[in-house]
Student: 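Attaching a single structure in structure tokens format; questions to follow.
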Protein chains: 2
Amino acid sequence: MTITDVARAAGVSIAVVSYALNGRRGVSETTRRHVLKVAQDLDWRPSAAARSMRTDAVTSVGLQALDGTSSTHSASAALDLAAGLRGVLDGVALAVEVAADPRSGAADLERSWSERRHTAFVVPDLLVDDPRVRVAARVGAPVVAITPPVPGAGGAERTVWFDGAAEEAVGRYLVDLGHRDIVLLAASADGDVSRALHSGLLTATAGLVATVTVVEASSAAAGAAAARLFTDEQRPTAVVTDGDLTALAVLEAARHRDLRVPWDVSVVSGADAATCRLVDPQLTAVARPWHDLAPAVAAALQVGPAAAPPTARLVIRGTTAPPPAPVVT
Amino acid sequence: MTITDVARAAGVSIAVVSYALNGRRGVSETTRRHVLKVAQDLDWRPSAAARSMRTDAVTSVGLQALDGTSSTHSASAALDLAAGLRGVLDGVALAVEVAADPRSGAADLERSWSERRHTAFVVPDLLVDDPRVRVAARVGAPVVAITPPVPGAGGAERTVWFDGAAEEAVGRYLVDLGHRDIVLLAASADGDVSRALHSGLLTATAGLVATVTVVEASSAAAGAAAARLFTDEQRPTAVVTDGDLTALAVLEAARHRDLRVPWDVSVVSGADAATCRLVDPQLTAVARPWHDLAPAVAAALQVGPAAAPPTARLVIRGTTAPPPAPVVT
DNA sequence: TTGAAAGCGTTACCAC
DNA sequence: GTGGTAACGCTTTCAA
């Protein structure tokens, strides 16, 4: 079923069919309707390959998902964003490509690009100075990076992130409750979420007598790391994590140490997920609607109208409370 | 950078370049080496689009992931399989496409196929009588379905699933412990995992005085459903779920009812995940190495050597024990 | 308003 | 062994 078949069936030339289907002017309304009907009856669809050989418009975007064990929310976030894009991208195909880590992801991106598989890329889970962005810049591939704005410029031409300052809100909220000793437990300290949280915490505590400590531990080691935190002489009164898994680990570690959450220690999950609502007490978390980031990404890809990014917000549930009163001696 | 550039640079015709690069015979070894070197120097890569216009070999396979809220393990399982495939597929591109549900997935598949985006498809999260398989059969697209073998034939020509009988092992294990009243709490009763677990439980309890009940509840409603189970006069002594999220919900419901796991009730998660190891007690679960399914899938796609599917196994942790002794009156 | 024809980058057939 | 060259299905320019 090719354009030639349609042209023959409609009794016109292939040029007319092409015009009619791409909404170009130069075809009579009658002919256009006729052609459209014939095409529909034959249920013809233009070959993506043939089309992309002639045109250099954006016809297919590649979204790179990281499969690394580092950030567990990563995969679901990428898929969530992909689902959102699917609804927004019209006539543009979306392919999710899975990479093990940013480095091999960069190689994959270069390959995809040089084989003309995609005309643009979306890269989430950005590291500072991410190799994928560097490679894309080198070969000239359009890239939209999903990352909080990084002061030193990430190298990406186009960057999309949530509006508002949920991460600062986390800090402010904890500070307002009275917390002054906060630990950020992150699976990866230079992940996007960790960086955003860290700077948010620093902003909120600026000018106060307070400490913000970053502890890095893979999600497998998060339990042990949390346990260690709680055995310290001076244990933090609040723990913020960069993902739901790590938060869960903190919850279990606390339970193990007979610390009651939220009275003895507050816990905030840096990423909201179904698990956050399934544990008891339910986890206070930062909800990031990756799905709704899609319009802004489409705009950045120049395949959609300008769109404001959605807002990430702090969802206060049951794991946060004022710190325990200091023991008076 | 096209084949023409390479030909010019190497001082040969494009036909020779094509032959040399595709390992065809009919080129002298000297020429082949020379061409290969030039191509490498120019770092030329064949255009996937141009290539696929001429050849109808499998060059790109589409893996459909379901984004539905129904099964949460789904997304990560699909991504895990994708990661495995990426390592196994050589010279064949892999694109994950996200669909909201099997029905819209079927539409997407038809579209992808008719636009010649992919030459074969991999479909996980199969339902009985899945629309995606029906559509693929209708249009003639090669499909590999990831599903336990279904007696009435799923309609898919090619089917891949785990070896062994982990699901039966679940049933046998519970029966051996003494359980006779088992509930299968599933987010979706006709999901692949649920079906496998159900038939496994039935097989294990065959010929015994035992009841196996299936309760369907979305993961959001799983908590409520589990709570209901536990208030019943005759509550089950073991609950098997089709996913880690549901299992987590059951654990919380039990805790809420002051039922101690595993002494008062046993819980088995039908899918293993990081969360299963993070809760206390750790969840007994069925571990399915989706990643290792890749070679078998590649074989089914006829892009790799025959491969035996990996084994799913029951990982016994802390949420299973003999049922409580009946109260003697 | 329509049609013929020239590419786009490959592969593969057929001469040389 | 090697070099022309005709497809593949589409878009787009240029004439009619």
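Quick note on labels: first sequence line is chain A, next is B, and so on, each numbered from 1.
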Student: To the nearest angstrom, how far is B/Met53 atom CE from D/dT11 atom C1'?
Tutor: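 Those two atoms, CE and C1', are 12 Å apart.
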Student: Taking 5' to 3' order, which nucleotide of DNA chain C is first and which is last to have an atom within less than 4.0 Å of a heavy atom in chain A?
Tutor: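 Result: C/dT1 to C/dG9.
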Student: Select base, sugar-phosphate, or nothing to describe what B/Thr55 touches, counting heavy atoms under 4.0 Å on all strands.
Tutor: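 No contact.
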Student: Answer with base, sugar-phosphate or nothing: what part of the nucleic acid does A/Ser52 contact at a heavy-atom distance below 4.0 Å?
Tutor: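 The residue A/Ser52 makes no contact with any strand.
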Student: Over how many whole Å does the gap from B/Arg117 atom CZ to D/dC10 atom P extend?
Tutor: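 Going from CZ in B/Arg117 over to P in D/dC10 covers 13 Å.
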Student: Evaluate the criterion salt bridge (Lys or Arg N to Asp or Glu O under 4.0 Å) for residue pair B/Arg134 and B/Asp129; output intermediate values, then yes/no.
Tutor: CA-CA 8 Å; B/Arg134 279 208 306 276; B/Asp129 199 29; 3.3 Å; yes
Student: Rounded to the nearest Å, what distance is computed from the CD1 atom of residue B/Ile3 to the P atom of nucleotide D/dT2?
Tutor: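 Interatomic distance, CD1 of B/Ile3 to P of D/dT2: 15 Å.
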Student: Would you check if the side chain of B/Thr55 reaches a backbone N or O of B/Ser52 as a donor-acceptor pair within less than 3.5 Å?
Tutor: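 No; zero donor-acceptor contacts below 3.5 Å.
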Student: For B/Leu126, does its backbone N or O pair with a side-chain atom of B/Asp130 as donor and acceptor, under 3.5 Å?
Tutor: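 Pair absent, no side-chain N/O of B/Asp130 close to backbone of B/Leu126.
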Student: Let's see if you can work this out: which of D/dT11, D/dG3, D/dG9 has an atom nearest to the side-chain heavy atoms of B/Val12?
Tutor: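 Of the options given, the side chain of B/Val12 lies nearest D/dG3.
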Student: Without hydrogens or angle criteria, can the side chains of B/Ser47 and A/Glu115 be said to hold a donor-acceptor pair below 3.5 Å?
Tutor: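 No - no donor-acceptor pair under 3.5 Å links their side chains.
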Student: Could you check how far CG of A/Asn22 sits from P of D/dG9, rounded to whole Å?
Tutor: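 From A/Asn22 CG to D/dG9 P: 17 Å.
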Student: Determine, step by step, whether A/Arg45 and B/Glu110 satisfy the salt bridge (Lys or Arg N to Asp or Glu O under 4.0 Å) criterion, reporting the C-alpha distance in whole Å, the side-chain angles of both residues, the deciding distance to 0.1 Å, and the verdict.
Tutor: CA-CA 10 Å; A/Arg45 306 242 93 222; B/Glu110 179 165 19; over 6 Å; no
Student: Near DNA chain C, which residues from residues 37-51 of chain B have a heavy atom under 4.0 Å away?
Tutor: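 Residues of residues 37-51 of chain B under 4.0 Å from DNA chain C: B/Trp44, B/Arg45, B/Pro46, B/Ser47, B/Ala50, B/Arg51.
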Student: Ignoring hydrogens and geometry, is there a side-chain-to-backbone donor-acceptor pair from B/Arg195 to B/Asp190 under 3.5 Å?
Tutor: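 Side chain of B/Arg195 to backbone of B/Asp190: a pair is present.
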Student: Which comes earlier along DNA chain D counting from the 5' end, the contact point of B/Val16 or that of A/Thr2, where each point is its nearest nucleotide?
Tutor: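 Per heavy-atom nearest nucleotide, the more 5' residue is B/Val16.
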Student: Could you check whether any side-chain N or O of A/Thr119 sits under 3.5 Å from a backbone N or O of A/Thr59, counting only pairs where one atom can act as donor and the other as acceptor?
Tutor: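 A pair under 3.5 Å: yes.
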Student: Taking atom P of D/dG9 as reference, at what distance in whole Å does atom CG of A/Leu21 sit?
Tutor: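 Distance, rounded to whole Å: 16 Å.
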Student: Nearest whole Å is fine: how far is D/dG9 P from B/Arg116 CZ?
Tutor: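 So the two atoms are 7 Å apart, to the nearest Å.
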Student: Is a side-chain N or O of A/Arg32 found less than 3.5 angstrom from the main chain of A/Arg24, in a donor-acceptor match?
Tutor: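 Such a contact is found between A/Arg32 side chain and A/Arg24 backbone.
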Student: Does atom CD (B/Glu29) have a neighbourhood of more than 12 heavy atoms from anything else shown, all under 6.0 Å?
Tutor: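 Count over threshold, so yes.
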